[in-house]
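Report on the structure given below.
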Amino acid sequence: MEVAVNQADDGGGDDADHGAVQPMWALNVLRWIIFGAVSGTLAGVSSFVFLEGLDRVTEWRENGRQWLVVLLPFAGLGLGALYHAYGGRAKEGSPLLVEQVHEPTAWIPRRMAPLVLAGTWVSHLFGASVGREGTALQMSGSLTDGFSRALGLPSPERRIMLVAALSGGFGAVFGVPLAGAVFGLEVQALGRRRWVAIAPAVTASFVGDRVLRILGGSHATYASLAPDVDASMLVRLSTAGVLFGLAGAAFSLLTHAVKRLMAGWISWPPLRPFVGGFATIALVLLFGHDYQGLSLPLIGQALNGNQFGFEVFALKLIFTAVAVGTGFFGGEVTPLFVVGATLGSAVATPLGLDPALVAAVGLCAVFAAAANTPLACVVLGAELFGGGMIAPLAVGCFAAYLVSTHDGIYGTRRAHNAKLVNNIRQVRTGSAP
């Protein structure tokens, strides 16, 4: 009898505890949704300010002022000196955000947001071949980490907030909220805590996109594609995916090589973008102005079915590797979109495929390879080109991912899901498990 009473008491205690857990869980989710909304608001406002300024400086340069590229070395010298004197850890850029998600050691510098904003505007004004996602991510990360600092959040929660910042910045700057949420969750490694970041990441990305649009921001739109998918098409797209992966790996390797070369040859960092500016001038004199800045017209032409030669993607890749590798600001994603779209246009005819279709897949797949984010890029393509593209995008993006390298543009070096090229290397060296 005594035992029965004790068991009843224990059971009642379990029910009480279970009842208490449910409200606590719900309140915790609500708390993370609110935090994600704050991060998304910061991302949306900062991205709107950035994109509005970027449109103006780009329009001003392209409206008969392409000659400004002759001043690019001096603009680079000024930016380099500014970062050298005042940048601190902010000069590490987007990889710093990913590093702090993995191993939080110090707060993201508050100065990162204004420095990268001004630095990107100046880089585009004078014609460096750089992108825009790096600026959006760094501004979002810096502002969100400032919010976390004000609240005194502990390291585990701060990591989750930085994931939300990555999602919010990506979703806002490209207008792809679902892809932004997946990007923030995929580009980092939270292990078993990854599920905790889902609510703030999704919230931040959708809120960031909505805030930017409410403020009057907009994004380019593309025609939906609905190809007739069959096995033959998917096999040929997998071949294109291999080429996209090699292009993404080539960009990462070349950019890192330029950075190492500059660090080895030039000990004073501000001189590196000075040299990069002269290298860009030489490239412009040889190949023209089409590869400066974002080069968005090349994407539009490729997606409209125009066919490019293989030199177009290669030149955009080189222009961007030189600019980013020598220290200009802005990021790599939009230039990688250009590389992928123009490469897709070039390989479409040899593979017997529609140029617009392969350009759309290439736009996403080269970035998937360079950033190690194939799932986010499939979702990105579906948001840009329609749900009918999911199968072609999945084949192209994952084929590209498999033949690229772990050492991508964000330096994540994630060890899980070893890639095909790494497995082959292990087998050849006898180090395979």
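The first residue in the sequence is number 1, and the count goes up from there.
Counting heavy atoms from C-beta outward, Ile409 and Val324 have side chains that stay 4.5 Å or more apart. Within the 4.5 Å cutoff, side-chain heavy atoms of Leu296 are placed close to those of Ile299. Between Tyr410 and Leu137 there is a side-chain heavy-atom pair separated by less than 4.5 Å. Side-chain atoms of Leu357 and Met233, non-hydrogen and from C-beta on, do get closer than 4.5 Å to each other. Annotation: side chain of Val366 is not in contact with side chain of Phe313 (no heavy-atom distance under 4.5 Å). Thr320 places none of its side-chain heavy atoms less than 4.5 Å from the side chain of Val339. A heavy-atom distance below 4.5 Å is found between the side chains of Leu162 and Ile108. In this structure the side chain of Phe337 never reaches within 4.5 angstrom of the side chain of Leu298, judged on heavy atoms.
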- Task: Evaluate the criterion side-chain contact (heavy atoms from CB on, under 4.5 Å) for residue pair Phe147 and Phe35; output intermediate values, then yes/no.
- Result: CA-CA 9 Å; Phe147 172 74; Phe35 281 2; 4.1 Å; yes

- Between Arg132 and Val333, is a side-chain contact (heavy atoms from CB on, under 4.5 Å) present by the stated rule, with each step listed? CA-CA 7 Å; Arg132 52 189 172 179; Val333 173; over 6 Å; no

- Task: Before giving the answer on side-chain hydrogen bond (donor to acceptor under 3.5 Å, both in side chains), spell out for Ser295 and Lys316 the whole-Å C-alpha distance, their side-chain angles and the decisive distance to 0.1 Å.
- Result: CA-CA 8 Å; Ser295 300; Lys316 184 59 181 177; 2.9 Å; yes

- Message: Would Trp60 and Asn63 count as a side-chain contact (heavy atoms from CB on, under 4.5 Å) here? Give the steps.
- Response: CA-CA 5 Å; Trp60 197 77; Asn63 189 19; 6.0 Å; no

- Full working for side-chain contact (heavy atoms from CB on, under 4.5 Å) between Leu363 and Phe367: CA-CA 7 Å; Leu363 182 149; Phe367 174 47; over 6 Å; no

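Using modelled atom types, one side-chain atom of Trp121 and one backbone atom of Phe50 make a donor-acceptor pair closer than 3.5 Å. Between the side chain of Glu133 and the main chain of Glu332, a donor-acceptor pair closer than 3.5 Å is present. Not one N or O on the side chain of Ser142 forms a donor-acceptor pair closer than 3.5 Å with the backbone of Gln138. At distances below 3.5 Å, not a single donor-acceptor pair connects side-chain atoms of Ser140 with backbone N or O atoms of Ala136. Panel note: side chain His124, backbone Gly131; a donor-acceptor pair is recorded below 3.5 Å. Ser345 contributes a side-chain N or O that, together with a main-chain N or O of Asn306, makes up a donor-acceptor pair within less than 3.5 Å. Counting only distance, with no hydrogens or angles, the side chain of Arg272 and the backbone of Ile266 share a donor-acceptor pair below 3.5 Å. Here the side chain of Ser205 pairs a donor or acceptor atom with the backbone of Pro177 at under 3.5 angstrom. A distance-only check finds a donor-acceptor pair linking the side chain of Ser404 to the backbone of Ala369 [under 3.5 Å].
In terms of heavy-atom proximity, Leu375 sits nearest to Glu186 at N-OE2, 3.0 Å. Counting all heavy atoms, side chain and backbone alike, Leu185 lies closest to Ala197 at CD2-CB, 3.8 Å. Of all non-hydrogen atoms in Ser123 and Val130, the two that sit nearest each other are CB-CG2, 4.0 Å. Scanning all heavy atoms of the two residues, the minimum distance from Thr326 to Ala323 falls at OG1-O, 3.3 Å. Nearest approach of Ala370 to Ser252, heavy atoms of both residues: O-OG, 3.8 Å. Smallest separation of non-hydrogen atoms from Ala199 and Thr203: O-OG1, 2.7 Å.
Under the 6.0 Å cut-off for aromatic ring centres, Phe174 and Phe183 do not qualify, their centroids lying 6.0 Å or more apart.
Interatomic distance, Arg111 CZ to Arg89 CZ, rounded to the nearest 0.5 Å: 11.5 Å. The CD atom of Gln301 lies 4.0 Å from the CZ atom of Phe308; values are rounded to the nearest 0.5 Å. Annotation: the span from Leu303 atom CG to Leu225 atom CG amounts to 7.5 Å, rounded to 0.5 Å. Within the model, atoms CG of Asp55 and OG of Ser218 stand 7.5 Å from one another, a figure rounded to the nearest 0.5 Å. Distance check, rounded to the nearest 0.5 Å: SG of Cys377 to CZ of Phe398 gives 9.5 Å. Interatomic distance, Lys91 NZ to Met112 CE, rounded to the nearest 0.5 Å: 10.5 Å.
Within a 6.0 Å radius of CZ in Arg210, no more than 12 heavy atoms belonging to other residues, nucleotides or ligands are found. Within a 6.0 Å sphere centred on CZ of Arg110, other residues, nucleotides and ligands contribute 12 heavy atoms or fewer.
Using a cut-off of 4.0 Å between Lys/Arg side-chain N and Asp/Glu carboxylate O, Asp145 and Arg149 are scored as not salt-bridged.
Among Val361, Val229, Val378, Leu384, the single residue meeting the side-chain contact (heavy atoms from CB on, under 4.5 Å) criterion with Met389 is Val361. Shown are Arg159, Arg158, Glu92; of these, the side-chain hydrogen bond (donor to acceptor under 3.5 Å, both in side chains) with Gln100 is made only by Arg158.
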